[in-house]
Visitor: 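Before we start, here is the structure in question, set down as structure tokens.
When a residue number appears, it is its place in the shown sequence, counting from 1.
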Amino acid sequence: MASPPDTSKTIKLERYNSYLRRLQFTKLLHSSSKLLFRATILIALVLIIFFTINHPPLSDSHDSGGGGGPIHHHSLLSTSLFSSSFSVGGSSWEKQVRHSATPRRPNGFSVLVTGAGGFIGAHCSLALKKRGDGVLGLDNFNSYYDPSLKRSRQKLLQKHEVFIVEGDLNDTPLLTKLFDVVPFTHVLHLAAQAGVRYAMQNPQSYVASNVAGFINLLEVCKSVNPQPSIVWASSSSVYGLNTDVPFSESHRTDQPASLYAATKKAGEEIAHTYNHIYGLALTGLRFFTVYGPWGRPDMAYFFFTKDILQGKTIDVYQTQDEKEVARDFTYIDDVVKGCLGALDTAEKSTGSGGKKRGPAQLRVYNLGNTSPVPVVRLVSILENLLNKKAKKHVIKMPSNGDVPYTHANVSLAHRDFGYRPTTDLSTGLRKFVKWYVSYYGINSRVKKETNFFNQHPDESV
């Protein structure tokens, strides 16, 4: 009987070959893992570099315009890979919007403040927030004047948990989204293209902002439920060529002297229309030459201060018949009290779903100081505060839309919400100069007022 074949060598060979195959597979897997890890690291680094380029860090400096607020830099990469919750409409954005707009006092308002990065808007936003109302700002931070000042106001408001959404009044989807996220009780509409003289250079900007932008805001407000009450900024410029003084709300306003005035007058007629058709409660406020800390650089008191300190000549206007030009200068704190008074006494809108359900409140008020002061007196006060003589160039007022004289009758605002201005021009300019020299870092040039400023701190924004 034949013996079975010896298979031990074959089995051993197969086991050895199997071991070699497993060893090669392990080496291959190890090499692939290393390659995949390195590729992942490389891709991550590339994405980080691109993200850094498309989303640069915010600067705190005035010169660069850093305001500490959420600025959205749009690019293909950032939109496709990183927009998610931090972009407009994302979950983190909505959380920030709701937090800012939520009132902290019982029965507090939830107020959308347009133009919140502006002079009056920033002051009103802070005042509302400090008393416990919810405040959400909206501003497009345009370059009509130095945007870095607006960014600094934005940064200040952010410290008080007021969030400003960067956007335009004519952006209907954005406005609609804001009202979807927050059921605003009130709108304080202060956004506008300001300035009388600039209208001769860029008239289209006034129509786009003061007319089209206002209509777009009202279109959104009429359709939401509940409709908000609206307080908005008209202007003393609507009195135009009126010569009856002091200016009263019952006086004629059909002779505007500038395109700016015409757009504000148009706003008052537009407000009447939306009140009549859709039941929106609207209150227009005619501001008279508002001044103070954090003011607008295009205003005379502001650029006079700058030019006097720099030793430049200032143009001081007089009328064609050589009379003094005078303004009813109104300090910002008084105007803020008027704005809040108008909000507090605003009745609810009566429309729903774009349809009027009953008569709605429609008001217009003067907010002035009731004490016109000649511009030459303004210059004299600044000279004393700055401890420096101005180089004055007295010239005839050009035909650019400015009016020679303004004087407010505020009896109606006093009757309806207790408006009573209390700040005279000398006191108000002293507070402005204190802010100006501090903000621009030129305290050393105004030595005379240092002790007074330290003893009388300014409580404004």
Side-chain angles (χ1 to χ4, degrees), residues 68-70 92-139 153-165 175 177-191 217 221 224-233 280-283 285 292-294 331-350 360-361 363 365 367 413-414 416-423 457-461:
S92 294
W93 179 85
E94 289 189 10
K95 182 178 179 181
Q96 203 167 9
V97 166
R98 288 194 183 95
H99 177 77
S100 184
T102 300
R104 306 300 176 191
R105 65 181 175 97
N107 301 315
F109 299 157
S110 182
V111 188
L112 174 64
V113 179
T114 70
F119 173 33
I120 301 175
H123 279 271
C124 286
S125 295
L126 185 60
L128 288 166
K129 196 69 174 182
K130 283 184 174 180
R131 75 175 196 176
D133 292 317
V135 181
L136 180 70
L138 175 68
D139 206 295
R153 299 188 193 115
Q154 179 190 31
K155 184 177 180 180
L156 179 66
L157 291 180
Q158 190 178 34
K159 292 179 180 178
H160 293 272
E161 299 185 338
V162 175
F163 177 49
I164 300 180
V165 175
L175 290 181
K177 180 64 179 179
L178 293 178
F179 278 91
D180 286 343
V181 175
V182 178
F184 295 106
T185 61
H186 296 74
V187 172
L188 181 57
H189 174 47
L190 301 173
L217 176 65
C221 289
V224 299
N225 192 16
Q227 292 176 336
S229 302
I230 302 168
V231 175
W232 69 283
L280 286 173
L282 285 138
T283 301
L285 303 177
W294 295 96
Y331 188 63
I332 182 62
D333 287 0
D334 292 326
V335 168
V336 169
K337 290 175 184 177
C339 291
L340 269 59
L343 286 168
D344 290 338
T345 56
E347 297 176 359
K348 291 183 178 180
S349 294
T350 62
Q361 185 183 58
R363 307 180 295 173
Y365 296 102
L367 292 186
H414 177 72
D416 289 357
F417 47 84
Y419 175 74
R420 186 171 66 88
T422 59
T423 310
D458 183 16
E459 296 179 355
S460 299
V461 171

Visitor: What heavy-atom pair brings Asp133 and Arg105 nearest, and what distance separates the two atoms?
Guide: OD1-NH2, 2.7 Å
Visitor: For Phe184 and Pro228, work out which heavy atoms get closest and say how close.
Guide: O-CB, 3.6 Å
Visitor: Taking the side chain as C-beta and beyond, is there a heavy-atom pair between Arg131 and Leu340 under 4.5 Å?
Guide: yes
Visitor: Taking Glu347's backbone N and O only, do any of them form a donor-acceptor pair with Gln361's side chain (distance below 3.5 Å, no angle check)?
Guide: yes
Visitor: Under the criterion side-chain contact (heavy atoms from CB on, under 4.5 Å), I'd like the reasoning laid out for Gln227 against Phe179: C-alpha separation, chi angles, the key distance, then a yes or no.
Guide: CA-CA 10 Å; Gln227 292 176 336; Phe179 278 91; over 6 Å; no
Visitor: Roughly how far, to the nearest 0.5 Å, is SG of Cys124 from CZ of Phe119?
Guide: 10.0 Å
Visitor: Is Asp344 salt-bridged to Lys337, cutoff N-O under 4.0 Å?
Guide: no
Visitor: Is there a donor in the side chain of Arg363 and an acceptor in the side chain of Thr345, or the other way round, less than 3.5 Å apart?
Guide: yes
Visitor: Is it true that a side-chain atom of Lys129 and a backbone atom of Ser100 form a donor plus acceptor pair closer than 3.5 Å?
Guide: yes
Visitor: Report yes or no: does Thr185 contribute a side-chain atom to a donor-acceptor pair with the main-chain N or O of Ser110 at less than 3.5 Å?
Guide: yes
Visitor: Could you tell me whether Tyr365 and Tyr419 have their ring centroids closer than 6.0 angstrom?
Guide: no
Visitor: Which one of Ile332, Leu190, Leu128, Leu157 satisfies the side-chain contact (heavy atoms from CB on, under 4.5 Å) criterion with His123?
Guide: Ile332
Visitor: side-chain contact (heavy atoms from CB on, under 4.5 Å) for Val231 and Leu285? Distances and angles first, verdict last.
Guide: CA-CA 7 Å; Val231 175; Leu285 303 177; 3.6 Å; yes
Visitor: How close do Pro293 and Tyr331 get, counting heavy atoms only, and between which atoms?
Guide: CD-OH, 3.4 Å
Visitor: Looking at Gly117, is its backbone amide N or carbonyl O close enough to the side chain of Asp139 to form a donor-acceptor pair, meaning the two atoms are under 3.5 Å apart?
Guide: yes
Visitor: Using modelled atom types and a 3.5 Å cut-off, is there a donor and acceptor pairing between side-chain atoms of Arg153 and backbone atoms of Trp294?
Guide: yes
Visitor: Check step by step if side-chain contact (heavy atoms from CB on, under 4.5 Å) holds for Arg98 and Leu136.
Guide: CA-CA 8 Å; Arg98 288 194 183 95; Leu136 180 70; over 6 Å; no
Visitor: Within this structure, what is the CD1-CD distance for the pair Ile164 and Gln96, rounded to the nearest 0.5 Å?
Guide: 11.5 Å
Visitor: Evaluate whether atom CG of Asn225 has more than 12 neighbouring non-hydrogen atoms of other residues, nucleotides or ligands under 6.0 angstrom away.
Guide: yes
Visitor: Evaluate whether atom CZ of Arg420 has more than 12 neighbouring non-hydrogen atoms of other residues, nucleotides or ligands under 6.0 angstrom away.
Guide: no
